[in-house]
Amino acid sequence: MINCNCEFVVDDVNSTNWEAHYNTCNVILTQREKNGEFPNGRPRSADGTLLCINKNLNKISGDYLYHLDLGVSTHDLRALFGDVKFVCMGGTAKRVLDCAKFIGKEIGCHLPVGTDLIDITASSLRYSMYKIGPVLTVNHGIGISTMSVVLQEVIKLLRYSGSKDPIVFRIGTSGGIGIEPGSVVVSEKGFNGLQKNTYDLDILGKTVSMPAILDKRLAQELASLSTDDDDFKTLIGNTMCANDFYNGQGRTDGPFCEYTEEDKFEFLKKLQSHGIKNIEMEVTCFSALTYKAGIKAADVCVTLLDRLKGDQVTMPKNLKHSLEIRPIIIVTRYIQKYLKKHGKLPFGKC
Ligand code: URA
């Protein structure tokens, strides 16, 4: 008999539609193992630490995480990152700095007097990373190619640091389909541009399809944290991942366009029929890699426009910045709830 080991963060639920387990629960991992999903063994141990399932890494002495400029033999990764419980990833360096500041304030995490947040990976000249108490924030650029590089190094970092049961959030912007601009969408599933629920990667000359699965229970818990006082709506929906901002998202305002407005609307309506509420550029890869790694993950995006009404993102930058905080607000409530349950709110010195 396998026992459920979900420690729900939001458990005051009376809806019957809630998913019974997190993806990382023993019950689910055992099922996945039986389905043959882990040819190299389970990706996490019973205590929630992540396991090295690529045996080649055991042959490397002092793995170097090139794009983070952090290494096993050059840094004490356990001391630096062993207490990380939450990772918040977002496109721009500014968003992840704002995110670290906002979360730090909301969880009452004080840096020593006279010190400030520092960009831990500044020397990489690629990505920016900040740590505030149990929260790491990292930027990933635009699209799958830049996101997958940093996400894979973050996964290795979480393994080497011994972080327990980490939760990774992607906090992004997106184009909504038929929903009010400024709404927050918590993704249930990620779909590619062919409406397939997979992340497809060409490996050694063959296309490998990986299931793009997010943690449904986590998504439900996050969405439940919206309140009647919020001046925005938060909803659960499917999300399409495009490999391009213009033609890949059916826009007609790029430098090239070989289809009509009618073709575009037909496509957007087709997406709606799959329950797709928004379009961004990372969710399939983000969900597939975190799922493979045995990490609970959620993709939480604000919509900047309604694609049924136009293609251009014309809002002033200051309004855009004020919208970008919305997914961070929802994720912060989740982190606060977790810390409160564990008697760590306010967090205090970090
Ligand atoms: N990001 C996207 O990928 N698409 C949009 O329409 C807006 C933000």
Side-chain angles (χ1 to χ4, degrees), residues 88-96 98-99 139-148 150-151 169-196 199 212 214 232-235 237-257 259 261 263-272 274-288 298-331:
C88 298
M89 303 185 75
T92 67
K94 179 171 182 330
R95 195 185 309 152
V96 297
D98 289 349
C99 179
N139 84 310
H140 60 58
I142 296 184
I144 286 180
S145 61
T146 63
M147 201 263 326
S148 86
V150 68
L151 176 59
F169 302 103
R170 198 186 89 72
I171 289 160
T173 56
S174 61
I177 310 178
I179 57 176
E180 203 182 317
S183 303
V184 170
V185 179
V186 186
S187 308
E188 178 169 339
K189 285 186 191 151
F191 285 85
N192 67 17
L194 302 175
Q195 296 92 58
K196 265 178 71 194
Y199 168 49
L214 287 158
F232 58 94
K233 291 204 178 67
T234 299
L235 50 120
N238 292 330
T239 298
M240 179 188 133
C241 177
N243 286 326
D244 169 55
F245 188 80
Y246 289 99
N247 286 179
Q249 301 191 16
R251 282 189 156 81
T252 55
D253 65 340
F256 318 105
C257 187
Y259 46 81
E261 280 289 317
D263 296 335
K264 171 177 96 179
F265 283 115
E266 198 183 311
F267 176 66
L268 293 175
K269 293 278 173 201
K270 189 167 171 192
L271 297 185
Q272 280 190 307
H274 284 83
I276 293 173
K277 303 270 189 240
N278 64 337
I279 307 177
E280 44 84 289
M281 296 179 66
E282 292 85 11
V283 67
T284 48
C285 173
F286 175 75
S287 50
D299 194 87
V300 189
C301 291
V302 69
T303 59
L304 301 181
L305 73 167
D306 179 357
R307 288 296 315 287
L308 297 181
K309 300 209 172 118
D311 291 343
Q312 297 244 308
V313 183
T314 50
M315 69 177 55
K317 286 283 177 207
N318 58 348
L319 176 58
K320 182 172 171 275
H321 290 314
S322 73
L323 297 187
E324 280 182 5
I325 198 73
R326 292 179 172 180
I328 299 175
I329 291 173
I330 298 293
V331 165

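We count ligands from 1, going down the list as the structure has it; atoms in each ligand are counted the same way. No hydrogens, no waters, no symmetry mates; every other heavy atom, side chains included, goes into these values.
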Neighbouring residues of ligand 1, heavy-atom cut-off under 4.0 Å
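Answer by chain and number: T173, S174, G175, F245, Q249, R251, I279, E280, M281, L305.
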
How would you list all residue pairs meeting salt bridge (charged side-chain N to carboxylate O under 4.0 Å, His left out) that involve residues 239-255, not counting sequence neighbours?
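Every candidate salt bridge (charged side-chain N to carboxylate O under 4.0 Å, His left out) pair involving residues 239-255 fails, so no pair, neighbours aside, qualifies.
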
Does a donor on one side chain and an acceptor on the other come within less than 3.5 Å for E280 and T239?
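On atom types as modelled, these side chains do not qualify, holding no pair under 3.5 Å.
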
Of E282, H140, M89, the residue whose pairing with L151 passes side-chain contact (heavy atoms from CB on, under 4.5 Å)
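Exactly one candidate clears the test, M89.
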
Can you tell me if CD on E261 sees more than 12 non-hydrogen neighbours from other groups inside 6.0 Å?
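Atom CD in E261 is crowded, with more than 12 foreign heavy atoms closer than 6.0 Å.
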
R307: what forms a salt bridge (Lys or Arg N to Asp or Glu O under 4.0 Å) with it, not counting sequence neighbours?
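Partners of R307 under the salt bridge (Lys or Arg N to Asp or Glu O under 4.0 Å) test: D311.
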
Taking distance alone, no hydrogens or angles, what donor-acceptor pairs closer than 3.5 Å link side-chain atoms of residues 321-328 to residues at least two apart or in another chain?
| from | atom 1 | to | atom 2 | distance (Å) |
| --- | --- | --- | --- | --- |
| S322 | OG | L319 | O | 2.8 |
| E324 | OE2 | K320 | NZ | 2.7 |
| R326 | NH1 | G182 | O | 2.8 |

